[in-house]
Novice: 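The structure under discussion is supplied below as structure tokens; questions concerning it will follow.
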Amino acid sequence: MTTQPGVYGYSAVLMGSPILLKLFDSNPSLARQVFQLIKQQENLFTVNRADSAVMAINQAAGQRAVVVSEPVFELIRVAHAVSLLPDSAFNLTIGPVVKRWKIGFQGRTVPPAEEISALLRLTDPHQVVLDADARSVMLRQPGMEIDLGAIAKGYIADVVQAFLRQQGVTQALINLGGNVQTLGAPPHEPAGWQIGLKTPFASDDALLGVLQVKEKSVVTSGIYERYFLQDERCWHHIFDPRTGYPLDNELLSVTVIADRSLDGDIYTTLLYGMGVARGLAYVASRADLDVIFVTRDRQIVCSAPRHFRFQQQDFSWRLRY
Ligand code: ADP
Ligand code: MG
Ligand code: MG
């Protein structure tokens, strides 16, 4: 499939998302290797398959420690550390809450409040025991479940970027659905890759504007990706670990621009929990991160843009820096 002259686009559906790889040489065999790599990585981290490494840990919850491979241990170690940050909106043990809400699957309804508070007792990240020497992970309470859904795609996007680099590719884009990772810039657009920022709750091709980046990852997490409507409210898939309910603040989406897509994933969730005011103050102290918040009152709020440019397209939203 060719999208523009000289651009070779390869697509697949993996991890429940359409995946797009853009290259500047026709190389179907490289594309096949990339898609295989993604599938193999997904099989390590998914909780939708009984035989993944993460499921082995979950199935042994309350019973025993499970030895895992180096990359799995490392990703869990990072997720655990982020979960233990003060007032963190990220929680790697959110699994039981995510499963109960079933957002994006059949049979989703708002669970009774007593059930949610009972499940919250199974989401304490202090109850995860990591042993770096043994490379093992143990969940202390039966019923606890690790869910790496918020960061697996970012990790995998970085693995794909490293693989392409190692294959000598200098200009490429991989889009894992919400996680875009890039190498260099396209030959015909030296100013950078053009990455659309979706209009919340609109049709797929409606854009608020376009970001331009070089050799950066762009990660968006939005409440409009997976949700259902009940009692005139939007119940979405980013949970507040303190309440067990979907995060309820002024935000519709958070986009993070960073070198690593894993950081993009971590910080979209953390910044989601911080909201606009605290989030902007935080990002001002981080030279390596930029952020774009999209709010319920139709504003697009950007941090001082160090690593991207933004061209607004929909002027019915207010853009501010
Ligand atoms: P996706 O890229 O699939 O849309 P996101 O990156 O937006 O996913 O993260 C949402 C997913 O992260 C949820 O489906 C769930 O698996 C997991 N999750 C939800 N809330 C939290 C949380 N507070 N901390 C960590 N993981 C979460
Ligand atoms: Mg994601
Ligand atoms: Mg997302």
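Order of appearance sets the numbers: ligands from 1, and atoms from 1 within every ligand. All residue numbers refer to positions in the sequence shown, counting from 1. These numbers were taken from a predicted model, which means no experiment stands behind them.
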Novice: If the cut-off is 4.0 Å to any non-hydrogen atom of F239, which atoms of ligand 1 fall inside it?
Specialist: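 Near F239, the atoms of ligand 1 are 19 (C), 20 (N), 22 (C), 23 (N).
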
Novice: At a 4.0 Å threshold, what atoms of ligand 1 neighbour a non-hydrogen atom of D147?
Specialist: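 Listed by number with element, the hits are 15 (C), 16 (O).
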
Novice: Under 6.0 Å from the CZ atom of R298, do we count more than 12 heavy atoms belonging to anything else shown?
Specialist: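 For R298, atom CZ is crowded (more than 12 foreign heavy atoms under 6.0 Å).
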
Novice: Under 4.0 Å, counting heavy atoms only: does R226 come that close to any atom of ligand 1?
Specialist: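 In this structure, R226 qualifies as a contact of ligand 1 - some heavy atom is under 4.0 Å.
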
Novice: Rounded at 0.5 Å granularity, tell me how far CE in M274 sits from CG in D87.
Specialist: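 If I round to the nearest 0.5 Å, the distance is 8.5 Å.
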
Novice: Of the backbone atoms (N, CA, C, O) and the side-chain heavy atoms from C-beta on, which set of A89 has a member under 4.0 Å from an atom of ligand 1: side chain, backbone, both, or neither?
Specialist: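 A89 to ligand 1: backbone contact only, side chain stays beyond 4.0 Å.
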
Novice: Taking the ring centre of each residue, are Y10 and F35 less than 6.0 Å apart?
Specialist: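 No, they do not, as the ring centres are separated by 6.0 Å or more.
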
Novice: Applying a heavy-atom cut-off of 4.0 Å, say which part of E225 lies close to ligand 1: side chain, backbone, both or neither.
Specialist: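 It is the side chain that gets close, since no backbone atom is under 4.0 Å.
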
Novice: Show me which atoms of ligand 1 lie under 4.0 Å from any heavy atom of S221.
Specialist: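 Listed by number with element: 5 (P), 6 (O), 7 (O).
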
Novice: Would you mind running through ligand 1 and noting each atom that sits below 4.0 Å from a heavy atom of P241?
Specialist: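 Answer, ordered by atom number: 23 (N).
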
Novice: Under 4.0 Å from a heavy atom of K153: which atoms of ligand 1 are those, numbered in the order shown and with their elements?
Specialist: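 Those of ligand 1 that fall under 4.0 Å from K153 are 1 (P), 2 (O), 3 (O).
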
Novice: Check contact between G178 and ligand 1, using heavy atoms of the residue and a distance below 4.0 angstrom.
Specialist: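 No; G178 lies far enough from ligand 1 that no heavy-atom distance drops under 4.0 Å.
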
